[in-house]
Novice: 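So that we are looking at the same thing, I have put the structure below in structure tokens.
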Protein chains: 2
Amino acid sequence: MANLQKGRVDIVAVAKAANVSPSTVSRTFNHPDLVNPATRKKINRAIQRLGYIRNRAAQTMHGKRSGTIGLVVPTINHAIFAEVIQAFSDSIDKVGFSLLLASHGYDLDREYAMVRKLLEHRVDGVALVGLEHSDATARLIEQQKTPALAIWNYAQDSSLPCVGADNRLAGRLATEHLLALGHRNIGLIFPKTDGNDRAQHRLSAVHEALAKMGVSVPDEHESETPYSVSQAKQAAITLLTEQSRPTALLCGNDVIAQGALFAAQSLGLKIPDDLSIIGIGDFKGSADVEPGLTTIRIPAETIGKLAGERFTDYITSDDPAPFRICCELERVVRGTTTLASIGCVANSGV
Amino acid sequence: MANLQKGRVDIVAVAKAANVSPSTVSRTFNHPDLVNPATRKKINRAIQRLGYIRNRAAQTMHGKRSGTIGLVVPTINHAIFAEVIQAFSDSIDKVGFSLLLASHGYDLDREYAMVRKLLEHRVDGVALVGLEHSDATARLIEQQKTPALAIWNYAQDSSLPCVGADNRLAGRLATEHLLALGHRNIGLIFPKTDGNDRAQHRLSAVHEALAKMGVSVPDEHESETPYSVSQAKQAAITLLTEQSRPTALLCGNDVIAQGALFAAQSLGLKIPDDLSIIGIGDFKGSADVEPGLTTIRIPAETIGKLAGERFTDYITSDDPAPFRICCELERVVRGTTTLASIGCVANSGV
DNA sequence: AATAGTATTGCAAATGTTTTCATAAATTCG
DNA sequence: CGAATTTATGAAAACATTTGCAATACTATT
């Protein structure tokens, strides 16, 4: 039955089998309305019979779109980006695009290499995480005139179109929540900020908000940790066993906050009575730990979905209009934060 | 300085700028040893100056490899696959391949569609998760003679080359651990098994191991839940508030086990004294929850890395030899399991 | 110095599509 | 019924590369 071709079966093989010209076969795919329904049927039968699969590479070469979109993320491995990647992938898939995915491990030079690689594949567009990129990357994108998009971050004056959230605001909201609860002795655990404008913006906003209230953070209450639950846990243990323990911990993201939570639990601290913890992100799982993690929610799924929709629109549009979309943050209060109690304050300094 | 071309800059533009023929430029990329070092230098300068970027689509069309590998996973979103994807991506990147990623949400028909889509892009190979796929998918791969690989699962008689672990063994090991600790009243929480041979194999092995010891699981101690911490938590709460509570919970994967852990904690149960919990997978984070999750470790990173290496070898080899690699499982005993105590047994049935 | 290699380069064909233009057939209209 | 459209198809050029073959220039050998 199945007519197994040893040699490649291409559009002309189909044409021959259906007794038409290659042009007609091509048209059946690209402008079906221009070909007689009867002929179309004949052709479709031939396609079926031969097991023909269109060759996007050949299309691409002809100047048509490649049907691929490149996405370059710092890391795939961790909760944060997995969710955006999924949403972005689903979103572009709906309109027929495929996802070329690359990661650079927070190294902007590798990011450049990855973008270049994607450009070799003639992606129809390339999406990057964040707004901070090397000059070389910016130049590359500019020069090739490839549509580009920044996701995850929002800035009203971004050079690229963007879909994301305001990380400064996130930092401020988290700080204000702790401040409003009466905390004045606050510890900070953040990831490294170079090449990571998300963390950078959050942290600087935290400092500003703190300063505005006249609160300062002693050095030993400020800790830097890589992006992993276990390493954050270690860092938190160190910080929490300092001379004077803070009454609250503000963490650069939810992964770190989870690490801090586990650290506190392993030290026998009661959360939130002995220590309040707030994260940023609201990743999958943050709602489910015990107690539930208070956090500033960044709507990863919405960002990914919206980014996919708007970007494919942009790419396929005749006269594309640049856009900037700011996704709403939301303060999600769960069980890890509470009022800075007298007892708690008394507890510090021991 | 930068010679911004408005029109596309292609290999002939470079050739012109370097005063050589296009063939020579092409050779500079593909067989550098065949071209005079001096000429090569001239050409490289021209490439730099014009900002030329190779067009893989055109290469592909010529019959060369496309330099892309397709990976189709059930979901990107969750901890399990994120880790393999990362390792696989890094691994193939090292030898110059790019990753086309697609997900199907545990729907084998969508899997077929995704594979087809990747084939249109003329991927040099396609990697699938698991060994169970629709006939259509198998036929497609067979017919197109595209190298294919199954990752995550291992079976000595798999039809595709595979790199993965033995899920039956994983199920058995988990069961035996609980049994060895004296547990006889065991609850099971697993994901749905259709279109998911990992879960299927694990669950059937669990039942076999249990039966061998004459242990049976009453219906109300067997629960099915989607793949999410929060839903697993719900399911676990339901199961744990049954008439007779089991002394141990065996979970189909670590995400479910985490949900179960949080459920138990929210019910005020002491882990592991009141209830032992074991998972399968050892995902990122499993080591860090409090107490640490006992689990059967599936080495996701090793699988991804190895799969990438072997598959690219296979693809680039002149006479590829099929292979099957079984990655070792490891029992990781942490804090969520302990001996079935008298007290614990007495506690049940209440 | 003549011959036989060897190293370097160019020419042209080939790859699988899409699309413009032209042609032929069928339909509509007055 | 003939002219004017409309519909359906085919021929051929174009897209950006790679590579087999041929040509040329250079080097080594006797």
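Every chain is numbered from 1, with letters handed out A, B, ... down the list of sequences. These numbers come from the heavy atoms of this one structure, side chains and all, not from hydrogens, waters or symmetry mates.
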Novice: Classify A:Tyr52 by what it touches in the nucleic acid, base, sugar-phosphate, or nothing, heavy-atom distance under 4.0 Å.
Specialist: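 It contacts sugar-phosphate atoms only.
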Novice: Specify the residue among A:Asn55 and B:Pro37 whose closest nucleotide of DNA chain C lies further upstream toward the 5′ end.
Specialist: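 First, find each residue's nearest nucleotide; the 5'-ward one identifies B:Pro37.
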Novice: Please work out if B:Ser26 contacts a base, only the sugar-phosphate, or nothing of the nucleic acid, heavy-atom cut-off 4.0 Å.
Specialist: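 Counting heavy atoms under 4.0 Å across all strands, the contact made by B:Ser26 includes a base.
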Novice: What integer distance in Å separates B:Arg122:CZ from C:dT15:C1'?
Specialist: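 Taking atom C1' of C:dT15 as the reference, CZ of B:Arg122 is at 12 Å.
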Novice: Counting only side-chain heavy atoms from C-beta out, which of C:dT18, D:dT18, D:dT9 sits nearest to A:Lys64?
Specialist: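 Of C:dT18, D:dT18, D:dT9, C:dT18 is nearest to the side chain of A:Lys64.
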Novice: Rounded to whole Å, please give me the gap between CG in A:Asp10 and P in C:dG16.
Specialist: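 After rounding, the reported distance stands at 5 Å.
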Novice: Over 60° means perpendicular and under 30° means parallel, so tell me whether B:Tyr227 and B:His78 are parallel, tilted or perpendicular.
Specialist: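 If you compare the ring of B:Tyr227 with that of B:His78, the planes turn out perpendicular.
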Novice: Compare side-chain N and O positions of B:His31 against OP1 and OP2 of C:dT8 and report whether any pair is under 4.0 Å apart.
Specialist: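 The answer is no; no side-chain N or O of B:His31 sits under 4.0 Å from OP1 or OP2.
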Novice: For D:dC15, does the base pair up with any side-chain atom of A:Thr60 as donor and acceptor (N or O, under 3.5 Å, distance only)?
Specialist: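 No, no donor-acceptor pair under 3.5 Å.
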Novice: Rounded to the nearest angstrom, tell me the gap between atom CG in B:Asn30 and atom C1' in D:dT19.
Specialist: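 After rounding, the reported distance stands at 10 Å.
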Novice: Using a distance-only test with no angle check, is there a side-chain donor-acceptor pair under 3.5 angstrom linking A:Asp90 and A:Gln86?
Specialist: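 The criterion, which ignores hydrogens and geometry beyond distance, is satisfied for A:Gln86 and A:Asp90.
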Novice: Of A:Arg54 and B:Asn19, whose closest DNA chain C nucleotide lies nearer the 5' terminus?
Specialist: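 Here B:Asn19 is the residue nearer the 5' end.
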Novice: Whole-Å distance between C:dT15 P and A:Met61 CE?
Specialist: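 Going from A:Met61 (CE) to C:dT15 (P), I get 13 Å.
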Novice: Kindly say if B:Ser21 contacts the phosphate of C:dT9, meaning a side-chain N or O under 4.0 Å from OP1 or OP2.
Specialist: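 No, no such contact exists.
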Novice: Distance check needed: C:dT8 C1' versus B:Lys41 NZ, whole Å only.
Specialist: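 That distance rounds to 18 Å.
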Novice: Which label fits B:Tyr106 and B:His104: parallel for a plane angle under 30°, tilted from 30 to 60°, or perpendicular past 60°?
Specialist: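 B:Tyr106 vs B:His104 ring planes: perpendicular.
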Novice: Does the side chain of B:Ser23 get closer than 4.0 angstrom to OP1 or OP2 of C:dA12 through an N or O atom?
Specialist: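 Checking C:dA12 against B:Ser23, no side-chain N or O comes under 4.0 Å of OP1 or OP2.
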Novice: Please state whether the base of D:dG10 and the side chain of A:Arg27 form at least one donor-acceptor pair under 3.5 Å?
Specialist: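 Yes, the side chain and the base share a sub-3.5 Å donor-acceptor pair.
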Novice: Please give, in whole Å, the distance from D:dT24 P to B:Leu34 CG?
Specialist: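 Distance check: B:Leu34 CG to D:dT24 P gives 20 Å.
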Novice: Ignoring hydrogens and geometry beyond distance, is a side-chain donor-acceptor pair present between A:Thr24 and A:Ser21 at under 3.5 Å?
Specialist: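 On atom types as modelled, these side chains qualify, holding a pair under 3.5 Å.
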Novice: Is the distance from OP1 or OP2 of C:dT17 to the nearest side-chain N or O of A:Gln59 less than 4.0 Å?
Specialist: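 Answer no for this pair, as no side-chain N or O of A:Gln59 is under 4.0 Å from OP1 or OP2.
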Novice: Verify the distance criterion only: is there a donor paired with an acceptor across the side chains of A:Thr68 and B:His121 at less than 3.5 Å?
Specialist: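 Result is no, nothing qualifies.
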Novice: Grab the NZ-C1' distance between A:Lys16 and D:dG10 for me, whole Å please.
Specialist: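 The distance from NZ of A:Lys16 to C1' of D:dG10 comes to 15 Å, rounded to the nearest Å.
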Novice: Could you check how far CZ of A:Arg65 sits from P of D:dC15, rounded to whole Å?
Specialist: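 To the nearest whole Å, that distance equals 19 Å.
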